[in-house]
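Note sheet for the following structure.
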There are 2 protein chains.
Amino acid sequence: MASFGNYIKTNRENKGWSQTEFGAKVKINTPAVSKIENDRKRFPVAKLELLAQLFQLDYNQVKDLYFADKFAKEAYEYNCSDNIFKVAENQSTYIKAVNAKQGKLKF
Amino acid sequence: MASFGNYIKTNRENKGWSQTEFGAKVKINTPAVSKIENDRKRFPVAKLELLAQLFQLDYNQVKDLYFADKFAKEAYEYNCSDNIFKVAENQSTYIKAVNAKQGKLKF
DNA sequence: TATTGTTTTACCCAATTTTGGCAAATTTAT
DNA sequence: ATAAATTTGCCAAAATTGGGTAAAACAATA
C-alpha cells in the first residue's frame, strides 16, 4: 500500500475528479489538496468519514490506513526499531485491558 | 508493560528520587512531572536521551516504548481496528523501501 | 506557439492544541 | 499535627494545524 496521500490521489483519479473538484466536495482548496496528495500536509482527521463516503469505501478501513500511515511516518522519522509496532500492539492490549476494567480514559 | 508515564514513575522511584529531584535533573517542574507520570501530558521527546542516561537504560528501547505508548493511545482514542499495527508495519516497510531507493524524506 | 485547465510551490494568517510555570489543594508518611 | 510529596487548576506562551491567496510550473491541445 502506498502513502495515504497517494491513496487519496488514486481514488480521486478513479472518480475522474480534478483536485479542484474533489476539494470542493471536502471543502479544501486546491493547493491544500495537492499538498495532501504529496504527503506534505495531513488530511484533516475530522473529514475522514466524508472521504470514505465520497470514495465509497469502508470508513474504518480508511481510518486504519490513515493512522497506519501516520504512525509509520513518525516511526521512520524518529528511527524507531523494527519491532516498534509489536511493542505498540502490546501497549494497545494493555490500554484496552486497563480501560475495560476501570472505564477511565484520560489522555 | 504499563504506560510511559508509569514507566517513568517506576524508574524514578527505583532511583529513590522525588518528583522534584527528578524534575531538577531533566529541567521539568514538579507539577509537570506529576502530569507526565499520570499521562496527562507527554514527556518531551527531545529529552528522551537524557532520560535514558539518568535511568541507565538503552536509549533506543526507551524511545521505542515512548512511541509505542503514543501510538497505542492514539489508536485507542480513535477506535482503530485491532490490526492497525499490522497495517502500520506494512506501511513502515513500504516507506523504508521508498526512501531506501529515492533517499527523499519529506514529511 | 498560444491557450486553457490542472497541479504545485511559496508564503502568510487564524484557530486550536499543547506546554510551562505558579499557587494552592490534596495526599502520604511520620 | 506537621512536613514532604504529589496533584490539580489556572493562565500565558509556544507549537501545531488548518486554511487561504498569488503565482509558477506542467500538461494537453488548438
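Convention: sequence-line order gives letters A, B, ...; per-chain numbering from 1.
- For C:dT17, the OP1/OP2 oxygens have no side-chain nitrogen or oxygen of B:Arg42 closer than 4.0 Å.
- Using a 4.0 Å heavy-atom criterion, one finds that A:Lys47 contacts the sugar-phosphate atoms exclusively.
- Contacts of A:Pro44 with the nucleic acid, taken as non-hydrogen atoms under 4.0 Å apart, involve only primed sugar atoms and P, OP1 or OP2.
- Note on A:Asn29: every side-chain N or O is 4.0 Å or more away from OP1 and OP2 of D:dG19.
- There is a side-chain donor-acceptor pair under 3.5 Å between B:Lys15 and B:Gln56.
- Atom-to-atom, CZ of B:Arg40 to C1' of C:dT17 comes out at 15 Å; the value is rounded to the nearest Å.
- Using a 4.5 Å heavy-atom threshold, the side chains of B:Phe22 and B:Phe55 count as touching.
- Rounding to whole angstrom units, CG of residue B:Asp39 and P of D:dT7 are separated by 11 Å.
- Using a 4.0 Å cut-off between charged side-chain N and carboxylate O, A:Lys86 and B:Asp64 make no salt bridge.
- Each of B:Glu13 and A:Pro31 has a nearest nucleotide on DNA chain D; the 5'-most of these lies closest to B:Glu13.
- Looking at heavy-atom distances under 4.0 Å, B:Lys35 makes contact with a base.
- The separation between B:Asn6 atom CG and D:dT7 atom P is 11 Å, rounded to whole Å.
- When rounded to the nearest whole Å, the span between CD1 of A:Ile36 and P of D:dT17 equals 13 Å.
- Atom pair A:Ile8:CD1 and C:dT8:P shows a separation of 13 Å (rounding to whole Å applied).
- A sub-4.0 Å separation between OP1 or OP2 of C:dT7 and a side-chain N or O of A:Arg12 is present.
- Taking the six-membered ring where the residue is Trp, A:Phe85 and B:Phe85 present parallel rings, their angle staying beneath 30° rather than reaching 60°.
- For the residue pair B:Asp39/B:Ser3, the side-chain donor-acceptor check at 3.5 Å is satisfied.
- Comparing B:Glu21 and B:Ala32 against DNA chain D, the residue whose closest nucleotide sits nearer the 5' end is B:Glu21.
- Residue A:Lys9 contributes atom NZ, which lies 7 Å from atom P of C:dT7 at whole-angstrom precision.
- Between B:Asn38 and D:dT6, a side-chain N or O to OP1/OP2 separation shorter than 4.0 Å is absent.
- Using a 4.0 Å heavy-atom cutoff across all strands shown, A:Ser34 reaches at least one base atom of the nucleic acid.
- B:Lys41 has its NZ atom 15 Å from the C1' atom of D:dT6, to the nearest Å.
- The separation between A:Leu48 atom CG and D:dT17 atom P is 15 Å, rounded to whole Å.
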